[in-house]
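A quick write-up on the structure given underneath.
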There are 2 protein chains.
Amino acid sequence: MHEDGVEQRWSIGEVSRRTGITVRTLYHYDEIGLVRPQERTASGHRRYTASDVRRLYRVRALRRFGLSLEEIAAALVRSPDDLAPLRDLFTAQLAEFEVYAARAARLSEQLRGLIRQLDAAVMPDPDQFLQTLEMMSVYENYFSEEQRELLARRQAEVGEEAVTATKTEWLELVRAFKQHVEDGTPVDDPQVRELAARWQALTVPYAIDPRTDERISAATAALWRDHQDEISTRVSSQVAWLAPGDLPKIMEYVERARQAG
Amino acid sequence: MHEDGVEQRWSIGEVSRRTGITVRTLYHYDEIGLVRPQERTASGHRRYTASDVRRLYRVRALRRFGLSLEEIAAALVRSPDDLAPLRDLFTAQLAEFEVYAARAARLSEQLRGLIRQLDAAVMPDPDQFLQTLEMMSVYENYFSEEQRELLARRQAEVGEEAVTATKTEWLELVRAFKQHVEDGTPVDDPQVRELAARWQALTVPYAIDPRTDERISAATAALWRDHQDEISTRVSSQVAWLAPGDLPKIMEYVERARQAG
DNA sequence: GTACGGCCTCCCGCCACGGGAGGTGCAAGC
DNA sequence: GCTTGCACCTCCCGTGGCGGGAGGCCGTAC
């Protein structure tokens, strides 16, 4: 490439300036054997050749796409003959980006929701907001990411209004059940049976497929089993007519009513 | 919350099962003081209280949004009274997600382009593809991220066809200049002047604003100055009528022609 | 008495470097 | 020949958020 035919060598500082890679990083690449200058001076100074520098550019380009140094090393070993491994790496990385993007989009959506809540200033108690956070975390403990996504999609499909309507009807049912609990109505009473049927029907719009529904139902039961105290506290703090200890009793009654039906 | 009024305590294993946080992580949170169980047994076993567990749920929820443990610690110290810092954290995180998503989208687009190139199978030489990678890296060294994005947007605006047309005309101009270089035409020849004018006009569709254009032009000159060998090799490998050593001479001639004009 | 599981602390490892300490190499200026 | 100053060298600690293992203690069930 140069007229005199003498292969040029560069010191580590010159290479750093040419490639925009820090000297420290060049040391690191040398150390792990990723890009090793072909020569050293008698005193041990590194001398990079043109091909070393080209390799550095390749590494830098691949790094930008988020590939690990290990992946890059493996790709650069084999790729002179065969670009297939590189292609595989690219497609894998592309898939990863898409997964990340999807996750980031979901989290962003949730964050926007939380910020809206904070800005609404209807928050009576900071503690209540933190409880919301806690329950989000609990929720995620019982449902897999896939299940959560399915449910979220389902909720988006049925629409916000329908979801609110479901919540409202659920509260009505709770109130009605509460009355029956207090009155000591037997669980096989026709009225109670009808309430239980309506209770069951609440989940219908959110059904996905039998297998999934079964699992979600089991997860929900487990969540309730392990966290009825927190849930009861939260719900009763939002409706005046419900005491913290009421909900477990009501739920137990509902369960018996369903078994009877 | 519990009828007997006795505050419940949990061992680290029970807490791990309840919260889905690994025991190792619980140790870690204790170590850095993020969540520290309020009690220890005589033998040193950790006893978590209900409030410790609630704090863990909060931490877990905030972690999901990508907040660092340090940020979470800071937020949880102040938030019982004031949710403003938490709101700030959320908006900051949201902004970060957006930046990240934008970057991921750009990289994905580039990856798709590279994969298309690989699949096109017009690739005569694997080395040529790796050279493309090298030049991408070089390119990024001279143009800031902002400049690259502006240019990319501009290119998208003028359309792929127009970009191809520009490349074609550029090659034609190079070929014409090559002839003049070989003929020894003086740089103030009217024909050469016209070619120089057309050369100048090539960049017009991609202009952004005078300041930016000035900087991009300077960066381009620096890129050419530092990497004319590589660029010449690449270009001459793609057109039959150009030898590797031609382009620098031609560019020098063009430069003199522009100065003369 | 012993087997087992849960818990403890201490410590090394990851990944891709950043940064500092403390020493050497080399060329220029006096 | 001596100093100045810069580039370069190696060695080593630190980052974040844990994972995982070693080696030992505790308590209970058989």
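Just so it is clear: chains get the letters A, B, ... in the order the sequence lines come, proteins before strands, and each one is counted from 1.
Contact between the side-chain N/O atoms of T22(A) and the OP1/OP2 oxygens of dC17(C) is not found at any separation under 4.0 Å. For the pair R46(A) and dC9(D), the criterion of a side-chain N or O lying under 4.0 Å from OP1 or OP2 is met. For the pair R60(A) and dA16(C), the criterion of a side-chain N or O lying under 4.0 Å from OP1 or OP2 is not met. Listed pair T25(A) / dA16(C) fails the phosphate criterion, with no side-chain N or O lying under 4.0 Å from OP1 or OP2. Contact annotation: R63(B) reaches the phosphate of dC18(D) (side-chain N/O to OP1 or OP2, under 4.0 Å). Dashed line: the shortest gap from a side-chain N or O of Y27(A) to OP1 or OP2 of dC9(D) is under 4.0 Å.
Nucleic acid contact for R40(B): sugar-phosphate only, since backbone atoms but no base atoms lie under 4.0 Å from a heavy atom of the residue. Counting non-hydrogen atoms under 4.0 angstrom, R47(A) reaches nothing in the nucleic acid. Note on H45(A): only backbone sugar-phosphate atoms sit closer than 4.0 angstrom, heavy atoms only; bases stay farther off. At the heavy-atom level, T41(B) lies nowhere under 4.0 Å from the strands shown.
Taking every side-chain heavy atom of I12(B) into account, dC7(C) is the closest of dG17(D), dC7(C), dC17(C). Side-chain proximity of R24(B) to dT10(D), dC11(C), dC17(C): nearest is dC11(C). Ranking dC9(D), dG17(D), dG18(C) by closeness to the L69(B) side chain, first place goes to dG17(D).
Distance CD1 (I32(B)) to P (dG16(D)): 10 Å, rounded to an integer number of Å. Residue Y29(A) contributes atom OH, which lies 8 Å from atom P of dA16(C) at whole-angstrom precision. Atom-to-atom, CG of D30(B) to P of dC7(C) comes out at 14 Å; the value is rounded to the nearest Å. Distance CD (E31(B)) to C1' (dT9(C)): 10 Å, rounded to an integer number of Å. For the pair R64(A) CZ and dA16(C) C1', the interatomic distance rounds to 18 Å; values are reported in whole Å. Per the geometry, CZ belonging to R17(B) stands 12 Å off C1' belonging to dC7(C), to the nearest Å. Rounded to whole Å, atom P of dC7(C) lies 10 Å from atom CG of L26(B). Straight-line distance from the NE2 atom of H28(B) to the P atom of dC11(C): 17 Å, rounded to whole Å.
Remark: L150(B) CG to I208(B) CD1 distance equals 4.5 Å, nearest 0.5 Å. For the atom pair S108(B) OG and E96(A) CD, the distance stands at 11.0 Å (nearest 0.5 Å).
Cation-pi geometry between R47(A) and W10(A) is not met: the NZ or CZ atom fails to fall both under 6.0 Å from the ring centre and inside 45° of the normal.
D226(A) and Y142(A) are linked by a side-chain donor-acceptor pair at a separation below 3.5 angstrom, with hydrogens and angles left out of the test. If you check the side chains of T220(A) and S217(A), you find no donor sitting under 3.5 Å from an acceptor.
Between S43(B) and L67(B), the one whose closest nucleotide on DNA chain D sits nearer the 5' end is L67(B).
Comment: R103(A) does not engage E149(A) in a salt bridge, judged by the lack of any side-chain N to carboxylate O separation of less than 4.0 angstrom.
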